[in-house]
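Remarks on the structure that follows.
In this chain, residues are counted from 1 in sequence order.
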Amino acid sequence: MSKMQLEEKLRGYGQWREALIGALDRYKAWLDTYGLNGDTINESILNMEESLREDRLVVAFAAEFSRGKTELINALFFSDTGVRLLPSSPGRTTMCPTEIFYDTKGGAYIRLLSIDTRLTETSLSEYKRHADSWLQIELDPNSPVQMQEAFRELAATKKVPYQEAVKLGLAFDEMRPGQSLPPEFVEIPAWRHALISFPHYLLKEGLSILDTPGLNALGAEPELTLHMLPSAQAVVFVLAADTGVTKSDLDMWRNHVRGSRHSHHGGLAVVMNKIDSMWGDLQGEEAIEKSIHEQIATTAQILEVAEGSIFPVSAKQALLAKVKGDEALLDKSRLRGIENYLANSVVRERQTILREAVSHNVGHLVRESAATLGAEMTDIERQLADMRKIDINNHEMTHKLMEETREQQGRYLASVDNFQASRRVFLVQVRLLIEALGADTIDPIVRRMRKQTAGSLTTIGMKNSMKNVLDELRVVLEKASAIAEEARRLVKAIYARFRDEHGFTDLQPVMLSFHKYEVELQRIFDEGEEFRNSAASTLMEQSLVVQKLYGTIIANAREMFGQAHNEAKTWGSTALGPLVHQIKDRKRLIESRLEVLRKVNETSESLDAEIAAMEEKLAPLQRQFDELKAILSTLELEQEPAPTSGVSQEAPAAVEAAG
């Protein structure tokens, strides 16, 4: 697969994402037109649209130094510039973790965060929210040479006293080979992190690249391992064919890369780079092929992965081939294998995730709206059938029908009164649930933990503080789960009553579950402890790395509780919405039936007029339904038609209150 095909896949992905946003816009306009929108529904739609607009397909590259990782990035994505855009020459390679994307608001720039900020408690995520903390270099997207020169700053280093390097987590044995005593000064990276934005056509389609340079950087930045790598859509782990799997490669794989894929969506691929080191005049193609296959088999066994997930590549020759337009050399470089993986598996998986998010957050609302129309059309057709059977000369019959309908109305209004009472109890439960997960509950726990950690002089003390905060947060989540279970039981009972008493058989409430958050909370802390106990964490002064580690864990846990809090709020606002709307419709239909019977009882001429009026109602309802079907089709959330009117009768759209 060529880069052009990769570009087409990404462009198609971007267009598909824009189509989703357009469909959500149309649905919002549809709700506004027919007076069905509400604050909660509107907020859900706008939040989903914002998530889609900001979505990036993140591909992370991880490798030790001198594996050709940056050259691979150049070959995969930036060969069209005609230059080696990112620094990848020997001795001039990317020294700090780097994110490459397109910031539509900020334009083209490099932002560099000083290495000295490692000594602060501020996380990378927090620094990203404050542009003034970074050194910014403007880029000229029309000049690849200017950009190439600017990117050389990514390889910048500086000399610092050895003890300062120790504090920063950048003092390693390989800095003083054969020396028993540490040197007075050592050379370290000048920058802690880099953000690069420019309007490359692949980046404009939503591609984002995370370049992580070496085990030492990952070991010193828990946020990379515990947040950024797990958040990536795919991780590409790069090895070198001329070295095989070294000890540091294996440490990086076990401690940072493989674990980042556990419990997360996303792919994991291994690139065995520098296969051109096996090319030579003394062995034929068959021998080269055999050597490559043997190394793939060995690597697969060591890393415990399938051979099909390992891609042999020569990034250097691939970049050269693309710049020169040499198709034969490009084939020989085997770059198309990893391109094919990115174009198909990764893009398709990201689409699946977004589709699931749209379905979970907004899709049920669209389906409920379509079901509302289905129920209304079916009821109109039933009324028409009943009206056509009325004998206008049989006044006794019409009088009897009126009495039966009035009795039905009385029973129904009594049910509505019971519903309103149950609804008030439910809203109390929802308020308790939201309070249990709110910042007023979580933040005091976090503040106590930070204070205890800061006051601990030993790693054991920090670990005990972390265990305490985990226990407290688990108790919070257990309490919230218990409240949610009470609320769920109440919702089920309310829906069941209306199904049994009034035949609302098609209504199925959306249920809330916190099980995924319980699993996620445990995973966050388990991965944190695994990282803390890893060999990589010993590269930094233990107190500093543990502080950063636990700061990252707490940030992840707070984010998770924020998601649970928002989900509880949304569920509390919409769980009874379908039933509310159905109650209002049924009440209106009973009143309409009584009015028709009253008119028929007064004059026989009104029956034909009422039948004609009701028949006229069906046409606009069908048009509304067709609009929703088009929206559902774009969102890829089509539903089965209803048996009588061709319209689904699932739960109707949520509204603010019952009549």
Side-chain angles (χ1 to χ4, degrees), residues 6 9-10 13-14 17 51-52 54-64 67 69-70 72-73 76-78 86 94 96-103 123-125 128 193-197 200 202-203 205-215 217-219 221-239 252-271 303 305 309-311 338-339 341-354 356-357 520 523-524 527-528 530-531 536 552-553 555-556 559-560 563:
L6 174 58
K9 288 283 187 179
L10 286 168
Y13 168 75
R17 196 179 59 222
S51 295
L52 288 170
E54 294 182 353
D55 175 72
R56 288 175 180 157
L57 196 157
V58 181
V59 180
F61 291 80
E64 269 290 37
R67 302 300 187 263
K69 169 178 50 63
T70 307
L72 177 63
I73 295 172
L76 280 169
F77 306 116
F78 304 128
L86 300 176
T94 306
C96 64
T98 302
E99 296 177 67
I100 308 170
F101 52 90
Y102 179 49
D103 178 358
S123 67
L124 287 173
S125 297
K128 288 177 186 178
H193 202 81
L195 303 174
I196 299 177
S197 167
H200 187 273
L202 294 179
L203 304 180
E205 296 298 343
L207 176 68
S208 179
I209 300 161
L210 173 61
D211 183 359
T212 58
L215 175 64
L218 289 173
E221 292 285 4
E223 198 168 351
L224 285 173
T225 300
L226 300 181
H227 181 69
M228 297 178 72
L229 283 180
S231 298
Q233 186 53 46
V235 175
V236 179
F237 183 58
V238 185
L239 300 168
M252 175 180 280
W253 172 262
R254 289 174 174 171
N255 295 322
H256 304 290
V257 177
R258 185 174 57 186
S260 72
R261 299 291 86 191
H262 291 169
S263 305
H264 287 85
H265 286 288
L268 176 59
V270 178
V271 166
L303 301 184
V305 297
S309 64
I310 300 177
F311 300 91
I338 187 64
E339 282 184 336
Y341 166 75
L342 294 174
N344 290 319
S345 301
V346 176
V347 174
R348 184 172 61 247
E349 178 65 23
R350 187 59 188 168
Q351 283 184 301
T352 299
I353 293 171
L354 283 186
E356 290 174 352
E520 178 68 7
R523 184 201 63 78
I524 288 171
E527 288 191 359
E530 183 179 345
F531 179 84
T552 300
I553 291 174
N556 289 348
E559 181 180 348
M560 187 212 75
Q563 292 170 355

Work out which heavy atom in [X] is nearest to a heavy atom in [Y]; give both atom names and the distance.
| X | Y | answer |
| --- | --- | --- |
| Ala63 | Val238 | CB-O, 3.3 Å |
| Val236 | Leu72 | CG1-CD2, 4.4 Å |
| Leu268 | Ser309 | O-CB, 4.2 Å |
| Pro213 | Cys96 | CG-C, 3.3 Å |

Show the numbers, then the answer: is there a side-chain contact (heavy atoms from CB on, under 4.5 Å) between Arg258 and Phe237?
CA-CA 9 Å; Arg258 185 174 57 186; Phe237 183 58; over 6 Å; no
How long is the gap from [atom1] on [X] to [atom2] on [Y], to the nearest 0.5 Å?
| X | Y | atom1 | atom2 | result |
| --- | --- | --- | --- | --- |
| Ile196 | Thr98 | CD1 | OG1 | 5.5 Å |
| Ile73 | Ile209 | CD1 | CD1 | 6.0 Å |
| Asp103 | Leu203 | CG | CG | 11.5 Å |
| Arg17 | Ser51 | CZ | OG | 11.5 Å |
| Glu339 | Lys9 | CD | NZ | 13.0 Å |
| Leu224 | Ser231 | CG | OG | 11.0 Å |

Can you confirm if the NZ or CZ of Arg350 lies within 45° of the ring axis of Tyr13 and under 6.0 Å from the centre of its six-membered ring?
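No, Arg350 and Tyr13 do not form such a contact.
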If you define the side chain from C-beta out and look only at heavy atoms, does anything of His256 sit under 4.5 Å from Thr212?
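No; the side chains remain at least 4.5 Å from each other.
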Does Ile100 reach the side chain of Phe77, with side-chain heavy atoms less than 4.5 Å apart?
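They are not in contact (no side-chain heavy atoms under 4.5 Å apart), so the answer is no.
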Run the numbers on Met560 and Asn556 for side-chain contact (heavy atoms from CB on, under 4.5 Å), then give the verdict.
CA-CA 6 Å; Met560 187 212 75; Asn556 289 348; over 6 Å; no
Is there a donor-acceptor pair under 3.5 Å between the side chain of Glu223 and the backbone N or O of Ser125?
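A pair under 3.5 Å: yes.
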Criterion side-chain contact (heavy atoms from CB on, under 4.5 Å) on Phe101 and Leu195, from CA distance to verdict:
CA-CA 8 Å; Phe101 52 90; Leu195 303 174; 4.2 Å; yes
Show, in sequence, the C-alpha distance, side-chain angles and deciding distance for Arg56 and Glu99, and conclude whether the side-chain contact (heavy atoms from CB on, under 4.5 Å) test is met.
CA-CA 12 Å; Arg56 288 175 180 157; Glu99 296 177 67; 5.8 Å; no
